[in-house]
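So the structure is just underneath, and the comments pick up after that.
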Amino acid sequence: MEKQVYVIGGGAAGLVAAIAAARHNAAVTILEHEKKSGQKILATGNGKCNLGNLDMHADCYHCQDISFVEQVLAQWSPKDTMNFFSHLGIGIKERNGYLYPRSEQAASVRDVLLMEAAYRKVKIKHNCVIESVKQLDGKWNIQTPGWIYKGDSLIIATGSAASNVPGADDSGYALIRELGHNVRQPLPALVPLACKGVNTSKWAGLRINGKVKLLIDGEVCDRQTGELQLTDYGISGIPVFQLSGAAVRALYEGKKAELLVDLFPDMSLSGLEQMMEQRKQDCPYKSEKEQFVGILPDKIIAMLPEGNPLHWLKHIQLTVTDSKSLHYAQVCSGGVDVSQIDGNTMESRLWSRLYFAGEVMDVDGICGGYNLHWAWATGHIAGAHSAQV
């Protein structure tokens, strides 16, 4: 007799979980509270869908137990992602290790997942609000306003409230807490940061290469280099995104979070001093600030302090005061405590035949396709095991 598997959530992880379970001969139903499935996929990779990354290792993820991440990555590699989507009809395009569909359309990825789900006879119930889930007489009972669905296995792939995509909310956490699972407070990650320390309105709109260090209570805990986006509220850009989850978590825990910004990351302070001395010799008729014309944007030149502008350029000190909301975040940090999940199967350690997939767990990756890789990997693992019990 085929297993009845229910998946709550029809996003990236939920769709792959459903497909994997159906491929293992289960009868699968997705319960999705929006009118369409896979909506968040459409927003990934700026609409191009960064499927994954060839440079895949556990250090690319934030988790309370990194061995949990290692267990998952050992079961699903970038090659598995490429094979999975190639067999669904997606041509794979690689750029500097980043994997994209050859069509460069995220809609292609969503569409082939839905096509495969339909071919595997996966049912999708849209506009389905879940009121409660209970395990009774060996079956999972999923209560909705008009019906109780009963299944052998249940996969929770409800994602998080990160992003402004319809359906992105925290509704899944209440169900999970009712089942006795611990949920680490979900907070924004891969998100712009609000700061004080300089008059940010003066540099708003600039994009400039730089290095940024994150200090938590005075201790450097991470550093990133790349294009920074300077905003009227603070600072953004991929280097800031990579640091943001730790900064937001620190603020939540009552700690001090600071950023040190270096606008000449490829040059030491002494090297910068030598360069400026040569510029003065070449053009002695220029004022101090005019010496920077041609190597700095006008907005930054106007902000240079009197006395020691070179030190300031290498050590712009910002205090993080807040972040943009989850509405502006690409993912969230926090979620289901992974110590309560079997890393080999994604099964709950508290309930038999209950599985988790995707961002709902307390694991978040850096920019570069890592969060979608996590969705594919955990979705496939959860789906395959849910059908075999």
Side-chain angles (χ1 to χ4, degrees), residues 46 164 187-216 218 220-251 255-280 283 286-330 366-368:
N46 291 320
N164 61 354
L187 296 171
L190 302 187
V191 67
L193 295 175
C195 305
K196 65 180 183 180
V198 301
N199 188 343
T200 53
S201 64
K202 290 187 176 182
W203 70 15
L206 286 181
R207 292 173 179 260
I208 188 168
N209 192 59
K211 178 192 290 184
V212 58
K213 294 180 184 178
L214 172 64
L215 287 74
I216 303 298
V220 176
C221 70
D222 201 353
R223 65 196 74 202
Q224 297 288 331
T225 301
E227 186 181 71
L228 306 176
Q229 297 177 29
L230 308 181
T231 68
D232 58 355
Y233 54 81
I235 191 166
S236 185
I238 289 178
V240 175
F241 283 5
Q242 309 289 45
L243 303 170
S244 61
V248 174
R249 182 69 59 182
L251 292 180
K255 299 175 182 178
K256 186 175 184 179
E258 298 172 286
L259 301 177
L260 281 181
V261 180
D262 179 356
L263 296 185
F264 283 88
D266 55 349
M267 190 176 295
S268 66
L269 178 57
S270 62
L272 181 57
E273 290 170 342
Q274 291 173 20
M275 182 185 74
M276 294 309 299
E277 184 59 36
Q278 183 62 52
R279 290 174 72 85
K280 289 177 183 178
C283 303
K286 292 181 181 179
S287 68
E288 183 177 51
K289 287 193 174 182
E290 286 174 342
Q291 294 291 346
F292 290 95
V293 174
I295 58 172
L296 284 174
D298 291 346
K299 288 184 177 182
I300 296 297
I301 294 173
M303 296 173 68
L304 291 173
E306 299 293 334
N308 196 350
L310 301 186
H311 183 272
W312 183 82
L313 286 168
K314 294 286 292 179
H315 305 89
I316 301 174
Q317 190 166 357
L318 303 173
T319 299
V320 181
T321 58
D322 202 351
S323 73
K324 285 288 189 176
S325 68
L326 277 164
H327 183 82
Y328 294 92
Q330 292 185 20
I366 63 174
C367 293

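For reference, positions follow the sequence shown, starting with 1.
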Show the nearest heavy-atom pair for residues [X] and [Y], with the distance to one decimal.
| X | Y | value |
| --- | --- | --- |
| L214 | A246 | CD2-CB, 3.8 Å |
| R223 | L243 | N-CD2, 4.0 Å |
| C367 | L190 | SG-CD2, 3.8 Å |
| M303 | W312 | CB-CH2, 4.1 Å |
| Q242 | D222 | O-OD2, 4.4 Å |
| S244 | A189 | OG-C, 3.8 Å |

Can you check whether [Y]'s main-chain N or O pairs, donor with acceptor, with [X]'s side chain at less than 3.5 Å?
| X | Y | answer |
| --- | --- | --- |
| K314 | L263 | no |
| E290 | S287 | yes |
| T319 | G197 | no |
| S236 | P192 | no |
| R279 | Q291 | yes |

Please examine the side chains of [Y] and [X], heavy atoms only from C-beta on, and report whether any two atoms are closer than 4.5 Å.
| X | Y | answer |
| --- | --- | --- |
| M275 | M267 | yes |
| L313 | F292 | yes |
| C195 | L259 | yes |
| L193 | L318 | no |

### Task
Compute both the distance and the angle, then confirm whether K324 meets the cation-pi test with Y233: under 6.0 Å from the six-membered ring centre, within 45 degrees of the axis.
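Yes; both conditions hold, so K324 lies above the ring face of Y233.
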
Look up atom [atom1] in [X] and atom [atom2] in [Y], then write down how far apart they are to the nearest 0.5 Å.
| X | Y | atom1 | atom2 | value |
| --- | --- | --- | --- | --- |
| L187 | L326 | CG | CG | 7.5 Å |
| E258 | L260 | CD | CG | 7.0 Å |
| D262 | I316 | CG | CD1 | 8.5 Å |
| L272 | E277 | CG | CD | 12.0 Å |
| T225 | K213 | OG1 | NZ | 10.0 Å |
| Q229 | I235 | CD | CD1 | 9.5 Å |

Return yes when atom [atom1] of [X] has more than 12 non-hydrogen atoms of other residues, nucleotides or ligands closer than 6.0 Å, and no otherwise.
| X | atom1 | result |
| --- | --- | --- |
| E306 | CD | no |
| K256 | NZ | no |
| K286 | NZ | yes |
| K196 | NZ | no |
| I238 | CD1 | no |
| D298 | CG | no |
| D266 | CG | yes |
| F264 | CZ | yes |

